[in-house]
Amino acid sequence: QVQLVESGGGLVQAGGSLRLSCAASGRTFSRNVMGWFRQAPGKEREFVSAISWSGATIHYADSVKGRFTISRDNAKNTVYLQMNSLKPEDTAVYYCTAADGTSFSGSAYYYSRSRYDYWGQGTQVTVSS
C-alpha cells in the first residue's frame, strides 16, 4: 500500500502560481508512476500530469501544457506540481495518484484514471478572476 497526502492548495488570483506537493509513505515510493488528476464541481475527474519513476517520461493535459510542471524527489518521497499562470478554469480539487510499476508500456495509459492504484484525499485549488 502507498499512502498519499497532498498539500499546497489554496485561493489565488488569476495569473498567480501555486505549488502542490504530494508526500508518499508505505511501499517504496520511487518505484511508482505518479500523477495528478483534478475534479471540478459537476465534472468528471480528469488527467492533469504524470511522471515515471525515473522522471524520464512526463505527460501533461493539453489544457495545462506550458503552464504546469510536474517533478519528483524520490529521496524525499514527494511529487510536486508547479502551477503558473493559473486560470479560473483550473479551479478544482487536485488529487495525487500513484501506480504500481516504474512506467506504463504505452503513453495513453498515463492519462487513464483506471491505471492508477492509490489516491490521496485531494487539495482544493480555487482561482479567482
Side-chain angles (χ1 to χ4, degrees):
Q1 280 284 43
V2 174
Q3 290 78 45
L4 305 171
V5 179
E6 304 97 335
S7 61
L11 174 64
V12 64
Q13 288 188 331
S17 298
L18 284 174
R19 188 194 197 200
L20 304 184
S21 299
C22 174
S25 61
R27 286 178 56 185
T28 307
F29 163 79
S30 64
R31 306 302 290 184
N32 297 103
V33 170
M34 301 295 296
W36 291 93
F37 283 69
R38 66 187 182 186
Q39 187 167 17
K43 295 188 176 181
E44 292 194 357
R45 194 171 298 189
E46 65 175 7
F47 172 80
V48 176
S49 183
I51 184 170
S52 63
W53 81 271
S54 69
T57 300
I58 290 176
H59 292 279
Y60 296 101
D62 287 343
S63 59
V64 308
K65 204 170 292 184
R67 301 187 297 121
F68 291 10
T69 302
I70 192 171
S71 61
R72 66 190 296 162
D73 185 339
N74 290 344
K76 296 182 178 180
N77 290 352
T78 301
V79 64
Y80 305 97
L81 186 68
Q82 178 66 43
M83 305 186 296
N84 298 329
S85 302
L86 283 161
K87 305 175 181 179
E89 51 263 44
D90 294 318
T91 295
V93 177
Y94 283 71
Y95 295 92
C96 177
T97 185
D100 289 325
T102 59
S103 65
F104 294 136
S105 58
S107 295
Y109 296 151
Y110 287 89
Y111 298 78
S112 174
R113 193 172 67 181
S114 65
R115 291 288 171 171
Y116 294 87
D117 302 293
Y118 312 101
W119 294 85
Q121 293 299 306
T123 185
Q124 176 70 47
V125 171
T126 302
V127 184
S128 63
S129 57

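Residue numbers start at 1 and run along the sequence shown.
Cation-pi geometry between Arg45 and Tyr95 is satisfied (NZ or CZ under 6.0 Å from the ring centre, within 45° of the ring normal).
For the pair Thr91 (side chain) and Val127 (backbone), a donor-acceptor distance under 3.5 Å is present. Asn32 contributes a side-chain N or O that, together with a main-chain N or O of Ala99, makes up a donor-acceptor pair within less than 3.5 Å. Asp100 places no side-chain N or O within 3.5 Å of a backbone atom of Asp117 that could act as its donor or acceptor partner. Tyr110 places no side-chain N or O within 3.5 Å of a backbone atom of Ser52 that could act as its donor or acceptor partner. Distance alone, capped at 3.5 Å, places no donor-acceptor pair between the Arg115 side chain and the Ala108 backbone. With Thr97 contributing its side chain and Trp36 its backbone, the two residues share no donor-acceptor pair below 3.5 Å. Here the side chain of Glu6 pairs a donor or acceptor atom with the backbone of Gly122 at under 3.5 angstrom. Remark: side-chain polar atoms of Ser49 are paired, donor with acceptor, to backbone N or O of His59 under 3.5 angstrom.
In this structure, CD1 on Ile58 lies 14.5 Å from CZ on Phe68, to the nearest 0.5 angstrom. Rounding to the nearest 0.5 Å gives a distance of 10.5 Å between OG1 of Thr126 and CG of Leu86. Atom CZ in Arg72 sits 9.0 Å away from atom CG in Asn77 (nearest 0.5 Å). Asp90 contributes atom CG, which lies 10.0 Å from atom CG of Leu18 (distance to the nearest 0.5 angstrom).
Heavy atoms only, all atoms of each residue included: Tyr111 and Tyr60 are closest at OH-O, 3.7 Å. Heavy atoms only, all atoms of each residue included: Gln82 and Ser17 are closest at NE2-CB, 4.0 Å. The minimum heavy-atom distance linking Leu4 with Cys96 is given by the pair CD1-O, 3.6 Å. Among all heavy-atom pairs drawn from Ser129 and Ala14, the shortest one is CA-CB, 4.4 Å. For the residue pair Ser21 and Tyr80, the shortest heavy atom distance occurs at OG-CD2, 3.4 Å.
The aromatic rings of Phe37 and Trp119 sit perpendicular to each other, their planes meeting at more than 60°, with 30° as the lower class boundary. Between Tyr109 and Phe104, the ring planes are perpendicular. Angles over 60° get that label, and only those under 30° would be called parallel.
A salt bridge (charged side-chain N to carboxylate O under 4.0 Å, His left out) with Arg38 is found for one member of Glu44, Glu46, Glu89 and no other, namely Glu46.
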* Given Val2 and Met34, is the side chain to side chain contact (heavy atoms under 4.5 Å, CB included) satisfied, shown in steps? -> CA-CA 11 Å; Val2 174; Met34 301 295 296; 6.0 Å; no
* Given Ser103 and Thr57, is the side chain to side chain contact (heavy atoms under 4.5 Å, CB included) satisfied, shown in steps? -> CA-CA 8 Å; Ser103 65; Thr57 300; 5.6 Å; no
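With salt bridges taken as basic N to acidic carboxylate O contacts below 4.0 Å, one links Lys65 and Asp62.
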